[in-house]
Every structure is written in C-alpha cells, then in structure tokens.
Trainee: 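I'd like to ask you about the structure that follows.
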Amino acid sequence: MNLVFLGPPGAGKGTQAAGFAKEHGLCHISTGDKLRQAVADETPVGLEAKKYMDKGKLVPDEVVVEIVAHSIGPDECPDGWILDGFPRTLAQAEALDARTSELGIAGVEAVVYFAVGDEEVVRRLSGRRVCKECGAVYHKEFMPPEEEGVCGKCGGVLYQRDDDKPDTVRNRLKTYREQTEPLIDYYKERAILAEVDAGGAPEEVASAISTAMEQRFE
Ligand code: ADP
Ligand code: AMP
C-alpha cells in the first residue's frame with residue numbers, strides 16, 4: 001500500500017501516520033523528521049535546509065526529492081509506505097511519479113487529505129511538544145505525556161519546535177496555501193483523493209482513515 005498523507009502543518013498527519021504504518025507494516029517516511037535529523041547532525045543538507053525551515057519556507061525540491069527517492073524502494077519498504085509531508089509542490093509530486101516508475105513499483109495509490117480549519121491547526125501547533133530522542137509527538141493539552149516534559153515512550157526530554165512559534169506558523173500556513181494546496185486538485189483529478197475530517201479527536205480521525213482505506217483497497 002503506497003500512501004500520501006496531505007494537509008496543512010499541524011493537521012495530525014505525523015500522529016496518524018505513525019499508528020497506521022505500525023498497524024499495516026508500512027514505512028513511515030516524514031521529510032520533516034529526516035530534515036530535522038540532518039539539521040541536528042549538521043550535515044551539508046541540514047545546514048542548507050535550516051535556512052528555509054527557520055523561515056517557514058519550503059526546502060528546495062531537489063533536496064527533498066533526493067531524500068525520498070532513496071527511501072521508497074522495494075528493499076527498504078517491501079509492504080509499501082506512507083509519505084508524511086511529501087509531496088508539498090507539484091514538481092515534487094511529478095518527481096515522485098517518475099521515481100516510482102523508474103523503480104518499477106506501484107505509484108501513489110491513495111492520498112488521505114486531512115481537512116481541518118486554520119484555528120484548530122494553530123491550536124495544535126502552538127501546544128505541540130516533540131521528544132528530542134525518539135521524535136514522538138505530544139500536545140500539552142490534547143495529548144499530554146503522563147509526566148510533564150518527559151517522553152512516555154523513551155524517557156527523553158520534550159521540546160517545542162522553533163518553527164511552531166507564532167511568526168513561523170503564519171508563514172508555514174501561507175506557504176501551504178500557495179504551494180501545497182494545489183495538490184488537492186492534482187490527486188482529485190486522478191480519483192485517488194480521500195478527504196477525511198481531521199478536526200475530531202485522534203481516535204475518531206484514525207477510524208475515519210481506516211474506513212476510507214478499507215473502501216479504497218477492498
Ligand atoms: P502534522 O504532522 O500534520 O504537522 P502532528 O501529528 O505533529 O501534525 O500534530 C500536531 C499537533 O496536534 C501535535 O501536538 C499532536 O499531538 C496534536 N494532535 C494530533 N492529532 C490531534 C487531534 N486529532 N486532536 C488534537 N490534537 C491532535
Ligand atoms: P514538517 O515536519 O512536515 O512540518 O516540516 C517542517 C519543515 O521542513 C517545513 O516547514 C519545510 O521547511 C521542511 N519540509 C518538510 N517536508 C518538505 C517538503 N516535502 N518540501 C519542502 N520542504 C519540506
């Protein structure tokens with residue numbers, strides 16, 4: 001099963017992708033996580049990417065396409081993948097199509113579109129906390145850890161992402177509207193878009209995704 005999770009920043013894509021991937025034995029590929037790792041490791045890609053991420057802009061297509069191209073092959077992900085936060089531009093979507101045919105694997109089979117309003121997204125982003133060690137995602141009110149500031153999975157320290165601060169959030173939403181939203185029509189035209197109401201509680205969203213995917217792959 002080869003899936004794309006599409007939607008604004010803070011819609012809950014990472015949260016849902018982690019659970020769905022585990023349940024179905026899929027790779028969960030988050031370009032945001034991979035870029036943050038490169039930033040932490042201070043690799044040349046990380047140093048370049050940081051300039052864009054700090055401003056809430058998109059990292060150049062070539063950089064992210066290269067990362068994804070090496071992560072989706074049959075050796076890495078024999079049962080398929082969920083791309084979380086990729087593609088974010090039409091050029092990335094086209095590069096993904098080209099890469100899957102080059103690899104001789106199925107292209108994108110379904111796109112889950114997380115429909116949620118701006119106000120809710122801002123609430124989710126401003127309270128997001130992430131584990132420094134394992135990347136697990138929490139929310140200080142909506143999905144709090146058992147012990148404040150401590151990851152329940154690995155005991156790591158929780159922190160607020162720099163780009164979750166209000167100024168950058170505004171830029172990220174603007175970037176999303178301008179560059180990523182056109183992908184909704186791109187995938188709608190291919191009849192592989194499944195719109196899910198992402199405004200509810202995490203369990204409700206998970207169940208809506210499962211139902212939509214069962215219908216698609218029955
Ligand atoms: P994305 O990957 O789309 O940027 P995340 O999965 O990181 O979004 O979720 C953003 C924030 O919202 C996190 O703090 C997460 O804990 C919280 N969150 C995720 N899903 C829900 C939900 N259904 N209701 C409330 N908060 C949620
Ligand atoms: P995310 O963790 O998905 O919210 O991504 C965090 C930041 O990483 C984004 O604001 C971008 O700067 C960068 N990024 C992640 N994925 C992509 C992508 N597919 N294309 C360009 N930039 C990306």
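As the structure lists them, so they are numbered: ligands from 1, and atoms in each ligand from 1.
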Trainee: What part of R124, side chain, backbone, both or neither, has a heavy atom within less than 4.0 angstrom of ligand 1?
Mentor: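 For R124, backbone and side-chain atoms both sit under 4.0 Å from ligand 1.
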Trainee: Nearest protein heavy atom to atom 6 (O) of ligand 1, by residue and atom, and its distance?
Mentor: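 That would be T15 OG1, 2.6 Å.
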Trainee: When you measure from atom 8 (O) of ligand 2 to every protein heavy atom, which one gives the shortest distance, and what is it?
Mentor: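 Its nearest protein heavy-atom neighbour is M53 CE, 3.5 Å.
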Trainee: Report yes if some N/O of D84 lies less than 3.5 Å from some N/O of ligand 1; otherwise report no.
Mentor: no
Trainee: Do D84 and H28 have side-chain N/O donor and acceptor atoms under 3.5 Å apart?
Mentor: yes
Trainee: Look at K165 together with D54 and state whether they make a salt bridge at an N to O cut-off of under 4.0 Å.
Mentor: no
Trainee: Does K34 make a cation-pi contact with F86, if we ask for NZ or CZ under 6.0 Å from the ring centre and within 45° of the axis?
Mentor: no
Trainee: Could a heavy atom of R161 be found less than 4.0 Å from some atom of ligand 2?
Mentor: yes
Trainee: Is any side-chain heavy atom of C27 closer than 4.5 Å to one of D79?
Mentor: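 They are not in contact (no side-chain heavy atoms under 4.5 Å apart), so the answer is no.
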Trainee: Under a 4.0 Å heavy-atom limit, does F114 contact ligand 1 with its side chain, its backbone, both, or neither?
Mentor: neither
Trainee: Do any nitrogen or oxygen atoms of Q92 come within less than 3.5 Å of a nitrogen or oxygen of ligand 2?
Mentor: yes
Trainee: Can you list the ligand 2 atoms lying under 4.0 Å from a non-hydrogen atom of R36?
Mentor: 2 (O), 6 (C)
Trainee: Quick check on contacts: which atoms of ligand 2 are under 4.0 angstrom from a heavy atom of T31?
Mentor: 15 (C), 16 (N), 17 (C), 19 (N)
Trainee: I need the minimum non-hydrogen distance between Y138 and P144, along with the two atoms involved.
Mentor: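 That closest heavy-atom pairing would be CD2-C, 4.2 Å.
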Trainee: Is there a side-chain contact between K13 and V112, using heavy atoms and a 4.5 Å cut-off?
Mentor: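 The answer is no, as the side chains (C-beta and beyond) never meet within the 4.5 Å cut-off.
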Trainee: Would a 4.5 Å heavy-atom cut-off, applied to side chains only, mark L3 and V108 as touching?
Mentor: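 L3 does not reach V108 side chain to side chain.
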Trainee: Look only at the side chain of R216 and the backbone of E109, and say whether a donor-acceptor pair between them is shorter than 3.5 Å.
Mentor: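 At least one qualifying donor-acceptor pair exists.
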Trainee: Indicate yes or no: at least one non-hydrogen side-chain atom of R99 is less than 4.5 angstrom from one of V68.
Mentor: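 Not touching, per the 4.5 Å side-chain cut-off.
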Trainee: Output yes when the distance from some N or O of ligand 1 to some N or O of P202 is under 3.5 Å, and no in every other case.
Mentor: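 For ligand 1, there is an N or O atom that lies under 3.5 Å from one belonging to P202.
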Trainee: Determine, for cysteines C134 and C154, whether their SG atoms are under 2.5 angstrom apart.
Mentor: no
Trainee: Between V59 and ligand 2, which part of the residue brings a heavy atom under 4.0 Å of the ligand: side chain, backbone, both or neither?
Mentor: both
Trainee: So is there a nitrogen or oxygen of F86 less than 3.5 Å from a nitrogen or oxygen in ligand 2?
Mentor: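 Between F86 and ligand 2 (N or O atoms, distance only) the closest approach is not under 3.5 Å.
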Trainee: Between ligand 1 and G10, is the shortest N or O to N or O distance under 3.5 Å?
Mentor: yes
Trainee: Quick test of your reading of the structure: of K55, Q179, R88, R172, whose heavy atom lies closest to atom 3 (O) of ligand 2?
Mentor: R88
Trainee: Polar-atom distance check: P9 versus ligand 2, any N or O pair below 3.5 Å?
Mentor: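 In fact, backbone or side chain, P9 has no N or O that close.
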Trainee: What I want to know is whether G12 and ligand 1 share at least one N or O pair that is separated by under 3.5 angstrom.
Mentor: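 Between G12 and ligand 1, an N or O pair is found under 3.5 Å apart.
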Trainee: Ligand 1 and G127, any nitrogen or oxygen pair closer than 3.5 angstrom?
Mentor: no
Trainee: Suppose we measure from atom 11 (C) of ligand 2 to each protein heavy atom; which comes out shortest, and what is that distance?
Mentor: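 The closest heavy atom on the protein side is K57 O, 3.5 Å.
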Trainee: Based purely on interatomic distance, does D33 place a nitrogen or oxygen under 3.5 Å from a nitrogen or oxygen of ligand 2?
Mentor: no
Trainee: Backbone, side chain, both or neither: what part of R128 comes under 4.0 angstrom of ligand 2, heavy atoms only?
Mentor: neither
Trainee: Measuring from non-hydrogen atoms of G7 to any atom of ligand 1, is the shortest distance under 4.0 Å?
Mentor: no
Trainee: Short N/O distance, under 3.5 Å, between L125 and ligand 1?
Mentor: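 No.
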Trainee: Which ligand 2 atoms are under 4.0 Å away from a heavy-atom of V64?
Mentor: 17 (C), 18 (C), 20 (N)
Trainee: Starting from atom 23 (N) of ligand 1, locate the nearest protein heavy atom and write down its residue, its atom name and how far away it is, to 0.1 Å.
Mentor: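 Heavy-atom neighbour on the protein nearest atom 23 (N) of ligand 1: G200 O, 2.9 Å.
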Trainee: If we set the cut-off at 4.0 Å for heavy atoms, which region of S30 has an atom near ligand 1: side chain, backbone, both, or neither?
Mentor: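 Neither part.
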Trainee: Please determine, by modelled atom types, if D33 and Q37 share a side-chain donor-acceptor pair under 3.5 angstrom.
Mentor: no
Trainee: What is the minimum heavy-atom distance between L125 and G10, and which atoms define it?
Mentor: CD2-CA, 3.4 Å
Trainee: Does the side chain of R190 pick up a donor-acceptor pair with the side chain of Y186 at under 3.5 Å?
Mentor: yes
Trainee: Any N or O of E120 that comes nearer than 3.5 Å to an N or O of ligand 1?
Mentor: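 No; the residue has no nitrogen or oxygen that sits under 3.5 Å from a nitrogen or oxygen of the ligand.
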Trainee: Do R128 and R161 have side-chain heavy atoms sitting under 4.5 Å apart?
Mentor: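 Yes, their side chains come closer than 4.5 Å.
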Trainee: Please determine if G14 has a nitrogen or oxygen closer than 3.5 Å to a nitrogen or oxygen of ligand 1.
Mentor: yes
Trainee: At what distance is the nearest protein heavy atom to atom 14 (N) of ligand 2, and which residue and atom is it?
Mentor: L35 CD1, 3.5 Å
Trainee: Of all the non-hydrogen atoms in the protein, which one sits nearest to atom 18 (N) of ligand 1, and at what distance?
Mentor: M143 SD, 3.6 Å
Trainee: Hey, are the side chains of F20 and K22 touching, using non-hydrogen atoms and a 4.5 Å cut-off?
Mentor: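 No, every pair of side-chain atoms sits at 4.5 Å or beyond.
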Trainee: Is D61 salt-bridged to R88, cutoff N-O under 4.0 Å?
Mentor: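 Salt bridge between D61 and R88, a charged N being under 4.0 Å from a carboxylate O: no.
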Trainee: Closest non-hydrogen protein atom to atom 7 (O) of ligand 1, residue and atom name please, with distance?
Mentor: R128 NH1, 2.6 Å
Trainee: Near V137, which atoms of ligand 1 are under 4.0 Å from a heavy atom of that residue?
Mentor: 7 (O), 13 (C), 15 (C), 16 (O)
Trainee: Within the 4.0 Å heavy-atom shell around F142, which atoms of ligand 1 are there?
Mentor: 25 (C), 26 (N)
Trainee: Counting N and O atoms only, with roles assigned by atom type, does the side chain of W81 sit under 3.5 Å from a partner on the main chain of L26, one being a donor and the other an acceptor?
Mentor: no
Trainee: Any side-chain heavy-atom pair from V45 and V63 closer than 4.5 angstrom?
Mentor: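 V45 reaches V63 side chain to side chain.
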Trainee: Do L158 and P145 have side chains that approach each other closer than 4.5 Å (heavy atoms only, starting at C-beta)?
Mentor: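 In contact.
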Trainee: Looking at atom 14 (O) of ligand 1, what's its closest protein heavy atom, distance included?
Mentor: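 For atom 14 (O) of ligand 1, the nearest protein heavy atom is Y138 O, 2.7 Å.
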